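Read the structure below first, then the notes.
Per chain, numbering begins at 1; letters A, B, ... match sequence-line order. Quick caveat, the model's predicted, so the values are computed rather than measured.
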Amino acid sequence: MKSKLTSIAEAGNLVFSQNLRITHLSKAGRIEEAVRVFEKMTRRNTVTWNSMISGYAKNGRVGDARRHFDEMPAKNLVSWNTMLAGYLHNDLVEDAANLFDRMPKRDLFSWTLMITCYSRVGDLGKAMQLFQKLPDKSDPVCWNAMIAGYAKNKQFLDARKLFDEMPVKDLISYNSMLAGYTQNEEMRLASDFFEQIPERDVVSWNLMIEGFVQVGDLNMAGKVFGQIPNPNVVSWVTMLSAFARNARVDDARRLFDVMPVRNVVAWNAMITGYVQNLRIEEGYQLFLKMPERNSISWTTMIDGFVRVGLLHKARELLEKMPYKNVAAQTAVIYGYVRSVRLDDARLLFDRIGCRDTVCWNTMISGYAQSGRMDDAMELMLKMPKKDVVSWNILIAGYCQTGEMSKAVEVFDRMVKKNLVSWNSLVSGFTQNGFYMDALRYFLSMNREGMKPDHATFACVLSACANLAALQAGGQLHQLTLKNGHLNNLFVGNGLIALYSKCGRVIEAKQMFDEIIWVDIISWNSLIAGYAINGHGKQAIQLFHEMEADGLRPDEITFVGVLSACSHAGLIDKGVEIFHSMTSEYSIAPVSEHYSCMVDLLGRAGRVEEAYKLVSEMPIEANAGTWGALLGASRIHCNLELAKTAAEKLLEAEPYKTSNYVTLSNIHAEAGRWDEVERIRKLMKERGVIKQPGCSWIEVNNKVHAFFADDPTQPRLSEVCETLKRLTVKMRMIGHLPEFDTGLVD
DNA sequence: ATAGGGTTAG
């Protein structure tokens with residue numbers, strides 16, 4: 001018979017070892033197994049409960065952690081601190097703050113946790129407030145937390161101030177400060193500081209490696225790596241992933257193969273390397289071979305399959321994943337969203353128990369990108385905590401559906417806007433043709449102290465290009481130079497488009513030669529620029545240069561090239577190129593190409609041939625094509641064909657006033673007043689209203705807009721005077737102005 | 001055995 005005391009001791013030992021097991025399993029990411037151990041235990045103590053709270057929180061299941069915290073029989077200070085740490089690890093600052101306020105007792109752990117919480121999310125004001133309230137500041141831990149906070153938020157000068165003030169420094173203080181330099185690309189300061197550290201440990205060395213990697217100096221990183229007295233697994237992984245991130249996967253693999261100890265992080269880093277360089281099969285082989293997987297291994301692999309478009313493999317893996325975290329499920333949702341399988345995405349989304357902001361945003365952006373704004377709004381209203389990204393998605397969505405007033409409404413109601421919010425709105429205006437508004441908002445964003453980036457410039461440059469606002473565009477050009485955005489492809493292309501559309505082909509060519517990166521869009525803009533400004537031969541010359549450069553022309557290229565042929569009167573060349581599209585480049589002509597061809601044949605007087613081309617088109621002719629045919633037949637006085645084209649044009653665009661006017665004019669010229677009357681009636685029945693004609697001109701960097709029949713125009717009389725003078729002048733040199741007969745008899 | 005400050009993987 002065992003004595004009672006021995007039984008108690010043995011039971012205690014059992015609890016002790018089971019607690020240890022729970023801790024071990026949770027740290028390895030095997031939380032379900034930990035739960036099983038916990039559930040089988042007949043006796044539990046406070047440490048058991050605390051370990052479970054910690055385990056859940058570390059595996060992203062804060063809700064479960066909190067449930068255990070609330071249900072546990074007797075909490076001690078460690079329980080409170082563990083829960084607080086749980087919120088910290090999951091970036092739930094508000095929950096942490098609430099808990100902190102309710103704590104019956106606080107110690108240095110509690111204060112440090114709360115300070116770290118604030119500084120991790122960048123709220124250094126609140127962190128500092130707490131730090132100042134801290135009763136006893138003799139321990140370096142809190143100082144270190146503050147220094148790390150400043151360092152992570154790029155305020156290494158503030159970090160340095162604290163560092164110099166603190167009474168007792170330990171190695172972590174030095175490393176925290178060093179991190180302030182290395183994480184902010186201040187490698188000169190970092191190197192100097194590194195030399196001053198009295199006793200460096202492997203973390204100090206690792207920080208130096210990562211710092212050099214950050215500034216792109218892999219040579220120095222490798223050199224430092226070679227000097228470390230006792231590199232640890234972090235040193236190896238840092239170096240390995242540096243290679244992987246710089247497309248040197250094979251170098252990474254060489255390190256992986258020779259490193260002395262490979263933990264799960266090392267395996268994950270290697271898999272990430274393969275996956276990010278789209279070598280999915282090699283990544284998957286490693287995934288299958290690795291001795292132990294955690295949630296990151298699964299998520300990386302799933303994300304990899306999504307990247308290469310193997311959605312079914314991604315989904316299969318997700319179903320096999322033991323505990324599905326939000327990140328993995330969101331990766332698959334993202335995959336569905338990207339392939340516009342919104343219903344599959346939604347089904348998965350609805351299944352997820354504990355969604356985070358990224359998950360909500362992914363689903364909402366899926367709807368928004370497809371223009372399903374009602375669905376997007378429905379989710380938005382249900383979403384518990386919306387961030388800037390959520391609102392930005394809505395703005396982008398409304399821009400996409402062309403509902404700019406709604407986009408502006410969302411924008412105006414946002415309390416915290418970021419650069420993306422501004423850019424979304426500006427790009428929305430540009431994409432929907434509201435170029436003036438794009439420029440207006442560009443000015444306000446500058447006034448409000450928001451610094452535009454390359455995306456902003458790309459948008460406003462395109463706006464200027466479409467407005468042919470050369471002066472404003474030129475100023476933007478200067479700004480991009482000043483802000484160093486000229487090396488950006490989109491900005492470069494914006495500038496080429498600007499000068500091309502403003503008729504400045506020489507400047508456009510200069511831009512083309514100056515920018516570092518050119519792509520097919522750069523070539524297309526330049527070719528089109530030469531084409532529409534009457535330099536057809538040079539445009540075609542450029543087309544050949546582009547090919548010699550090894551770039552394959554696309555649909556857009558041929559629009560430019562064909563219009564170049566048309567403008568330069570190179571009829572046979574145009575016909576030849578048009579045919580080569582299908583025979584040599586396997587590009588099926590679309591209506592824009594047919595319009596060019598009609599225009600081209602029309603200019604040569606080959607109107608009937610143009611009509612034949614249109615009637616034999618394999619795709620349906622659009623308004624542009626009929627418009628081109630109409631123009632050609634009117635110039636060559638082919639009244640019958642003009643009538644046909646005008647009727648078709650009217651069919652294609654029944655709400656455009658000018659089409660009625662044109663058709664009516666044709667009949668008027670032929671003296672068919674009955675037809676004129678019929679069209680007038682048709683217009684009335686369909687409720688077509690004449691849009692006021694509008695034009696604008698840029699003078700001294702101000703755009704002046706003119707509307708037809710607008711008596712409020714400030715300098716109307718002067719304008720009319722000038723017009724009259726010009727008309728007289730034109731008559732004198734023999735030009736007969738063509739007056740719009742309109743719908744008058 | 002459970003809670004805090006510095007480095008690596010999604």
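As judged by a 4.0 angstrom heavy-atom cut-off over every strand, A:Ala327 is placed among the base-contacting residues. Using a 4.0 Å heavy-atom distance criterion, A:Asn263 is classed as making no nucleic acid contact. Contact annotation for A:Arg120: backbone-only contact, meaning every heavy-atom pair under 4.0 Å involves sugar-phosphate atoms and none involves a base. If you check every strand for non-hydrogen atoms under 4.0 Å, A:Arg262 touches nothing. Among the atoms of the strands shown, none is found under 4.0 Å from any heavy atom of A:Leu178.
Listed by first and then second residue, the salt bridge (Lys or Arg N to Asp or Glu O under 4.0 Å) pairs that reach into residues 197-225 of chain A are A:Glu210-A:Arg245, sequence neighbours excluded. Counting only residues at least two apart or on different chains, the ring pair (Phe, Tyr, Trp, His ring centres under 6.0 Å) pairs with a member in residues 329-359 of chain A are A:Phe349-A:Trp360. Pairs engaging residues 253-270 of chain A under the salt bridge (Lys or Arg N to Asp or Glu O under 4.0 Å) rule: A:Asp251-A:Arg254, A:Arg253-A:Asp257 [sequence neighbours left out]. Residue pairs that meet the side chain to side chain donor-acceptor pair (under 3.5 Å) test with at least one member in residues 342-353 of chain A, sequence neighbours left out, are A:Glu319-A:Arg351, A:Arg341-A:Asp344, A:Arg346-A:Asp350, A:Arg346-A:Tyr367, A:Arg346-A:Glu378. Sorted by first and then second residue, the ring pair (Phe, Tyr, Trp, His ring centres under 6.0 Å) pairs involving residues 26-48 of chain A (not counting sequence neighbours) are A:Phe38-A:Trp49, A:Phe38-A:His68. Sequence neighbours left out, the pairs with a member in residues 264-289 of chain A that pass salt bridge (Lys or Arg N to Asp or Glu O under 4.0 Å) are A:Asp250-A:Arg279, A:Arg279-A:Glu282. Pairs engaging residues 169-191 of chain A under the salt bridge (Lys or Arg N to Asp or Glu O under 4.0 Å) rule: none recorded [sequence neighbours left out].
Taking the six-membered ring for Trp and thresholds of 30 and 60 degrees, A:Trp236 and A:Phe225 have ring planes more than 60 degrees apart, a perpendicular arrangement.
Within residues 54-75 of chain A, the residues having any heavy atom under 4.0 Å from DNA chain B are, by residue number, A:Ser54, A:Lys58. Near DNA chain B, meaning a heavy atom under 4.0 Å from it, residues 280-296 of chain A has A:Asn294, A:Ile296 in order of number. Of the residues in residues 150-173 of chain A, A:Lys152, A:Asp170, A:Ile172 come within less than 4.0 Å of DNA chain B through at least one heavy atom, sorted by number.
Under the 6.0 Å cut-off for aromatic ring centres, A:Phe287 and A:Trp267 do not qualify, their centroids lying 6.0 Å or more apart.
Taking the side-chain contact (heavy atoms from CB on, under 4.5 Å) definition, one finds that A:Asn392 meets it with A:Val388, A:Ile395, A:Met414, A:Asn418, A:Val420, A:Ser421, sequence neighbours left out.
For the atom pair OG1 of A:Thr362 and CZ of A:Arg355, the computed distance is 12.0 Å after rounding to the nearest 0.5 Å.
Chain A approaches DNA chain B over the interval B:dA1 to B:dG10, counting the first and last nucleotide 5' to 3' with an atom under 4.0 Å from its heavy atoms.
No hydrogens or angles considered: a donor-acceptor pair under 3.5 Å links the side chains of A:Asp387 and A:Asn361.
The main-chain N or O of A:Ser26 is found under 3.5 Å from a side-chain atom of A:Asn59 such that the two form a donor-acceptor pair.
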